[in-house]
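Structure first, commentary second.
Chain letters run A, B, ... following the sequence lines, proteins first and then strands; every chain starts at 1.
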Amino acid sequence: MSDRPRFYLTTPIYYVNDEPHIGHTYTTVVADAVARYRRAVGYDVRFLTGTDEHGQKIERAARAQGIRPIELADRVVHRYHELWRALSISHDDFIRTTDPRHRLAVEKLIRRMKSAGDVYLGAYEGMYCSGCEAFYPESQIRDGRCPDQGHPVERVAEESYFFRLSRYQEPLLEHYRRNPAFVRPASRFNEVRAFVESGLRDLSISRTSLDWGIPYPDAPGHVVYVWVDALTNYVSALGYGEDPEGAPFRYWPAQVHLVGKDILRFHAVYWPAFLLSAGLPLPECVYGHGWWLKDEAKMSKSLGNVVRPGPLLRDFGPDALRYFLLREMTFGLDGTYSDEQFLDRYNGDLANDLGNLLSRVVTLIEGGLSGAIPAQPDAPEARELEPAAADAHAAWRAAFDAYDFSGALAAAWRLVGETNRFLVRHAPWALASDPSRAETHRAVLWGASEALLQAAAMASPAMPRAAEEIASRLGSPLPRDLSAFRWGLLTTGGRVAKRAPLFPRIDKAAYFKESRAVDDSKPIQPAAPEPKPAPPEGVALLTIDEFMKVDLRVARVVSCERVEGAEKLLKLRVDLGTEERQIVAGIAKAYAPEALVGKRIVVVANLKPAKLRGVESQGMLLAADLGGRPIVATFEEDVPPGTRVR
RNA sequence: GCCAGCGUAGCUCAGCGGCUAGAGCGAGGGUCUCAUAAUCCCUAGGUCGGUGGUUCGAUUCCACCCGCUGGCACCA
């Protein structure tokens, strides 16, 4: 029916082990802005988001709370629905990996990969981190914990189905060559290409070690591995599983998968390989955006610096949060979040520039024209802002097409600035008392209103509610079709409505005083019960005898130097009282060699020696792992080297 | 260590061979009074990371160095 071009875009599906934070919010807001923009310029848009609900982590968390996994998932999914509603997210569909339609699609995809000869039964043995849902090479495991998050890992040896990813190395590289915009931004594309060029190993796609997942077709005991399960959501939501074999399904391929840079590889390598195997077209683009950093550090639960959208939403409303996310970060790069930046944007752009412009225009029309929007006056002032608006519109479109949201909003705000200057230039408040200049007076007010409505329209993908409200106060409908620039969007005869400030200015000092008081008493905490942190998941309880096998000793650092050619390694000579040992530790990023000399530390004295970067390590030192940053355990009091620690 | 990218005004960044290197925010001064003590105007003089080179001319191209970020290696 529709001959409009289609535009299918997706967010990742979010794992239900955590409450939504600003990272989830960011991706979803970006996607929503793109969706709204595309609709406004004439596309037939399909916008998908959803949740990833399977896996060991959910299974265990649910068990710890004494509920079924699906109940846990339902609870968190509810939180997502609430948040997306509060943020005016306009997704067309919400896929859950526990949906029956998804299961059908996964089964179908696997069957197609199997008939392509890309699946075989093998055995997998490795160190598995249920926290990350990933295997890690044994060399990367230390203290029985995974390198990324420090979750406990466990040895898993099991029968497993494998996908012949290795077979797709060349086809993928060929596809990359032919589609230079397949992965964006370009710098990320280079990394993906380098990864594929370095060689691809077959991928284990089933597990026998967990129950909470989609049963692997025709293989009792096997459950589909998380990435096949999760990635398939992009087609299962379109009815891939339900359609007859080989039938085309609407909206595929996607125009863009929006993903965080941390999961770019799965979308730019594994997913296209699955699709190639199954004979499906590949998405046009995978866009890996940056992260929001707080205080220069990546947000993570273990660092406790996660920014939750709740308080911002409560204090400033959804549109202010959306505006900030889109305006402040250059899409694709990392951005830094701080409350101060948020307030500066809010006060400067929203309260002073846009909100205040609305207030003054409405008041001027109410006072000067009895509140009625006239027909476009003939005086030249009515067209004075037209070129600026046309320029802004062109820049806005170009920026949005290029995923430059900050640039698109900047273009709209240039028009806001022009309009404020226009008002000062013509001073309609002074014209009002001069009957001989009535036509000019009307033209100035009309022109300012028209320009403001144009700016609101351009802001609408980012701030749908505020844009509606601005239009409403100007007595006009918000224009829906923004595909071409047109001067004269105002409805003649509309009546302005004076209401409370759209974005009330916030007193920064007062705000910080208040929010600090709140923050101190109430550290950021998830509302729903989290899986209890202790006892440590995945680590079996030890008997005291077993623990005593570990020979922990106090050691004094005699000397310390960097290991040649290694970024993270320090080589320490330590005095164990009875002997000296050489220990290699991965702490060079956190400690200067000199800083450790003389310190009393704790070492595992009876660890099997190992070679790191060719240097022998005769033991290991103990350190806390704070979000990947090691903090070496030391003593405050003077303890002789060699003293047993227990 | 390898591979990318970056390093420009207090902050965030734009510019990417050539007029006196720009914007927003912040800061200082001024103005108006329609407006949310908002708007608007003026001001900041920054070795464009460093050193060489190519060129009539380099912030813009090349080499090297320093620093930072990311990917890989690596982190018992």
The complete set of side-chain hydrogen bond (donor to acceptor under 3.5 Å, both in side chains) pairs with one or both residues in residues 444-454 of chain A, sequence neighbours excluded, reads A/Glu450-A/Gln454

To the nearest angstrom, the CG-C1' distance between A/Asp349 and B/rC13 comes to 14 Å

Item checked: Charged tip of A/Arg193 within 45° of A/Phe189 ring normal and under 6.0 Å -> yes

When rounded to the nearest Å, what value does the distance between P atoms of B/rC48 and B/rG22 take? 14 Å

Discussion item. Salt bridge check, A/Arg473 against A/Glu469: does any charged N sit closer than 4.0 Å to a carboxylate O?
Written reply: yes

By the 4.0 Å heavy-atom rule, please label A/Arg193 as base, sugar-phosphate, or nothing.
nothing

Separation of the P atoms in B/rC6 and B/rC61, to the nearest angstrom: 9 Å

**Item:** C1' gap between B/rG28 and B/rU47, integer Å
**Value:** 25 Å

| message | With rounding to the closest Å, how many angstrom separate the C1' atoms on B/rC56 and B/rC66? | response | 32 Å

Note, RNA chain B 5' to 3' with Watson-Crick or G-U pairs under 3.5 Å encoded as ( ), [ ], | and . gives ((((((((.[[[[.)..(...]]]].((((.........)))).....[[[[[..)....]]]]])))))))....

Original post:
Are any of the side-chain nitrogens in A/Glu439 or A/Arg442 under 4.0 Å away from the carboxylate oxygens of its partner?
Top reply: yes

Its contact letters, B for base, S for sugar-phosphate only and - for none at protein heavy atoms under 4.0 Å, make nucleotides 30-38 of chain B read ---SBBB-S

Should the pair A/Glu191-A/Arg265 be classified as a salt bridge under the 4.0 Å nitrogen-to-oxygen rule? no

Between A/Phe316 and A/Phe324, is the gap from one ring center to the other below 6.0 Å?
-> no

Practice prompt. List the steps and the verdict of side-chain contact (heavy atoms from CB on, under 4.5 Å) for A/Arg644 and A/Asp551.
Written response: CA-CA 7 Å; A/Arg644 178 101 200 249; A/Asp551 186 21; 3.4 Å; yes

| query | Is A/Asp575 reaching over with its side chain to a backbone N or O of A/Glu580, donor-acceptor style, under 3.5 angstrom? | reply | no

